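Here is the naming used below: chain letters follow the sequence lines, and residue numbers restart at 1 for every chain. Note that this is a predicted model, so its numbers are computed, not measured. Atom set for the values below is all heavy atoms of this structure, side chains included, hydrogens, waters and symmetry mates excluded.
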Amino acid sequence: MLKPLGDRVLVEIVEDTEQKTAGGLYVPDSAKEKSQRGKVIAVGSGKMLDNGTRVALDVEVGNTVYFAKYGGTEVSLEGKNYSILAERDILAIVE
Amino acid sequence: MLKPLGDRVLVEIVEDTEQKTAGGLYVPDSAKEKSQRGKVIAVGSGKMLDNGTRVALDVEVGNTVYFAKYGGTEVSLEGKNYSILAERDILAIVE
Amino acid sequence: MLKPLGDRVLVEIVEDTEQKTAGGLYVPDSAKEKSQRGKVIAVGSGKMLDNGTRVALDVEVGNTVYFAKYGGTEVSLEGKNYSILAERDILAIVE
Amino acid sequence: MLKPLGDRVLVEIVEDTEQKTAGGLYVPDSAKEKSQRGKVIAVGSGKMLDNGTRVALDVEVGNTVYFAKYGGTEVSLEGKNYSILAERDILAIVE
Amino acid sequence: MLKPLGDRVLVEIVEDTEQKTAGGLYVPDSAKEKSQRGKVIAVGSGKMLDNGTRVALDVEVGNTVYFAKYGGTEVSLEGKNYSILAERDILAIVE
Amino acid sequence: MLKPLGDRVLVEIVEDTEQKTAGGLYVPDSAKEKSQRGKVIAVGSGKMLDNGTRVALDVEVGNTVYFAKYGGTEVSLEGKNYSILAERDILAIVE
Amino acid sequence: MLKPLGDRVLVEIVEDTEQKTAGGLYVPDSAKEKSQRGKVIAVGSGKMLDNGTRVALDVEVGNTVYFAKYGGTEVSLEGKNYSILAERDILAIVE
């Protein structure tokens, strides 16, 4: 498994199981938008501030998160899709 | 629901119910300008300063706000349109 | 009315009542340059410094100001034109 | 008159009374280079440092200065040409 | 051998021994994607903070790491491929 | 004469008296490369740090310096060519 | 000779005496890649931190270094090729 460094977070991408058009039709896989949802699998040790202290991350393992479209680096491991994201690219926790 | 992180704010977009041209005609939906108004639904825990303290946001849940055109990430949830915005993209509170 | 946030200022734009060409002719409305003058209607609570203190703005409600051409966000409210500007886009106070 | 804000300076542009080509010919007005010389008419209250203190400007009213070509905002007032410049765009004082 | 400076890390690139297409076919060498995996061979003395203290790196000699695609400078030494990377370009430690 | 402000330096450009091609031929004036050498004529009072103290410059009047190609602003005064450079654009002192 | 300023380093470029293609052929001079290796001839007095203290450089006169391709300013002096580099463009010391 991957252990993220610093303020990075490893997220397993949750594919949207179904996407419908405004008219209610199912969108074929090839036309689906990229998912921006995922589950936090591992978190780094936090961001180093300029004064040398480290700040723990706001997200925790197990959180479902909503992240920015163009932020992380995608990795495929054993058939699953992950993204390694800096915490600033995580917009919100899905509750 | 979404819980914004850090200095981010979740805003439910308020569509302008009617838009008229300078000549007084109604603008059809497809030509409407994007709304820059919304209602604050949830706020993050605030921005982390370089010295490690966190500053609470200036906007509160319930505020109607006016935000910058090109700032947030739009999200659709159960038929409603939201934007997740950094606080610096919120220009003013509508009073 | 709009209450600006942080270091932002709400300015009511003062249209130049007449613009003449170098030769002394009046410029028709459609060819007029955008006004860079306005009256301060409301100011934010000031800029937050990195050390967490807030600095009051240098402009006050009632000042007539001269602002940078490409800075603010324009808003129309009840037939009047406003601009929401960051204080750094205000160049000078007209005395 | 205009009162510059912060680290800004109001400079009355001094047009070069004559410009000659390398061959000694006078350059017609339309081909003249933009002047980079001016006289300081008013100065702002100084730049705010990150620690909240304000630093007085190095130029004073009355100085003749040499400024960067692409820095300020030009303003015409009662037939005279001014530039509102940030102090960092003033390169040197002409002595 | 190379001794990296500051916050830099010397990584020996681990070529992916086999790459299959989604259909299970082997990808020929010329079409292989660039590897983003490597083994840490040497690390710099750490990043200098603005206050003059140096922070030791989070990766250690011997770690297998996953790094950003467009970050390091590649070097060939005695038939092996290395990358000299700033630590911020190392995304995660492979465990 | 010009008195540079802050971290700026006034340098009189020393034209390379002769430039030869790799083959030993003299290069005609029109094809000469721009000189990057000059003599320091005047220096500013130093750079202002964020904490409000001023740091004296490393170069002194009389130094011959080697400067970056695309850094300063060129000025012609009484038939001589000068450049007003920020100190960071001065690469080395010629000894 | 040149005395570098601040965090700059004067490096004498060591040309790669021979470059072979993957097939083992010698590469003619005109097709050679630019060398990224050199010997440190002189170092500046170090980088000035924001708090006004100066940090000595990590490289020393005599070190053979490996530097970034697009970093320094090249200078030819008495038939030898040098590069004046900021220390951040020096990637590693060759040991």
Side-chain angles (χ1 to χ4, degrees), chain B residues 4 6-9 11 13-14 16-25 27 32-40 43-72 83 85-95, chain C residues 1-13 15 28-32 34-35 38-57 59-61 63 65 67-90:
Chain B
D7 66 342
R8 288 202 180 78
V9 175
V11 168
I13 299 170
V14 177
D16 298 332
T17 48
E18 51 183 68
Q19 284 188 6
K20 294 186 194 173
T21 65
L25 296 177
V27 177
K32 269 187 187 167
E33 283 201 34
K34 225 169 99 176
S35 170
Q36 290 179 262
R37 249 168 222 264
K39 203 175 151 189
V40 176
V43 299
S45 53
K47 189 179 179 172
M48 173 73 73
L49 296 182
D50 277 353
N51 62 17
T53 60
R54 204 177 276 278
V55 185
L57 298 186
D58 283 343
V59 295
E60 291 172 16
V61 172
N63 283 164
T64 299
V65 293
Y66 192 88
F67 49 82
K69 225 172 211 165
Y70 308 104
S83 184
L85 294 143
E87 198 194 26
R88 68 175 169 275
D89 290 320
I90 297 187
L91 302 171
I93 297 174
V94 183
E95 292 185 325
Chain C
M1 187 40 66
L2 296 172
K3 184 176 165 295
L5 286 176
D7 66 341
R8 289 201 180 80
V9 176
L10 179 72
V11 169
E12 184 185 334
I13 299 171
E15 300 300 335
D29 266 32
S30 59
K32 269 186 188 168
K34 225 170 101 177
S35 169
K39 202 174 151 190
V40 177
I41 301 299
V43 300
S45 55
K47 189 179 178 171
M48 173 73 72
L49 296 181
D50 277 353
N51 62 17
T53 60
R54 204 176 277 278
V55 185
L57 299 186
V59 296
E60 292 171 15
V61 172
N63 284 164
V65 293
F67 49 82
K69 226 172 211 167
Y70 307 105
T73 298
E74 295 198 9
V75 197
S76 283
L77 288 176
E78 299 156 26
K80 287 182 180 170
N81 294 318
Y82 298 88
S83 184
I84 305 174
L85 293 143
E87 198 194 26
R88 68 174 170 277
D89 290 320
I90 296 187

Suppose we count any N or O donor within 3.5 Å of an acceptor, strictly below that value; which pairs fall between chain C and chain B?
unit_1 : atom_1 : unit_2 : atom_2 : d
C:M1   : N      : B:E95  : O      : 3.1
C:M1   : O      : B:E95  : N      : 2.8
C:K3   : N      : B:I93  : O      : 2.7
C:K3   : O      : B:I93  : N      : 2.8
C:L5   : N      : B:L91  : O      : 3.2
C:R8   : NH1    : B:I90  : O      : 3.3
C:R8   : NH2    : B:R88  : O      : 2.6
C:R54  : NH2    : B:D58  : OD1    : 3.4

message: Please give me the minimum heavy-atom distance between C:P4 and B:A92, naming the atom from each residue.
response: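 The answer is CA-CB, 3.9 Å.
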message: At a 4.5 Å cut-off on heavy atoms, which part of B:V55 comes close to chain C: side chain, backbone, both, or neither?
response: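 Looking at B:V55, just its side chain touches chain C.
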message: What part of C:L85 gets within 4.5 angstrom of chain B, counting heavy atoms only: side chain, backbone, both, or neither?
response: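 Looking at C:L85, nothing touches chain B.
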field: Side chain, backbone, both or neither of C:L2 within contact of chain B (heavy atoms, under 4.5 Å)
entry: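 Both parts, backbone and side chain.
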message: Would you say that B:V59 contacts C:L5 through its side chain, given a criterion of any heavy-atom pair below 4.5 Å between the two side chains?
response: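 B:V59 reaches C:L5 side chain to side chain.
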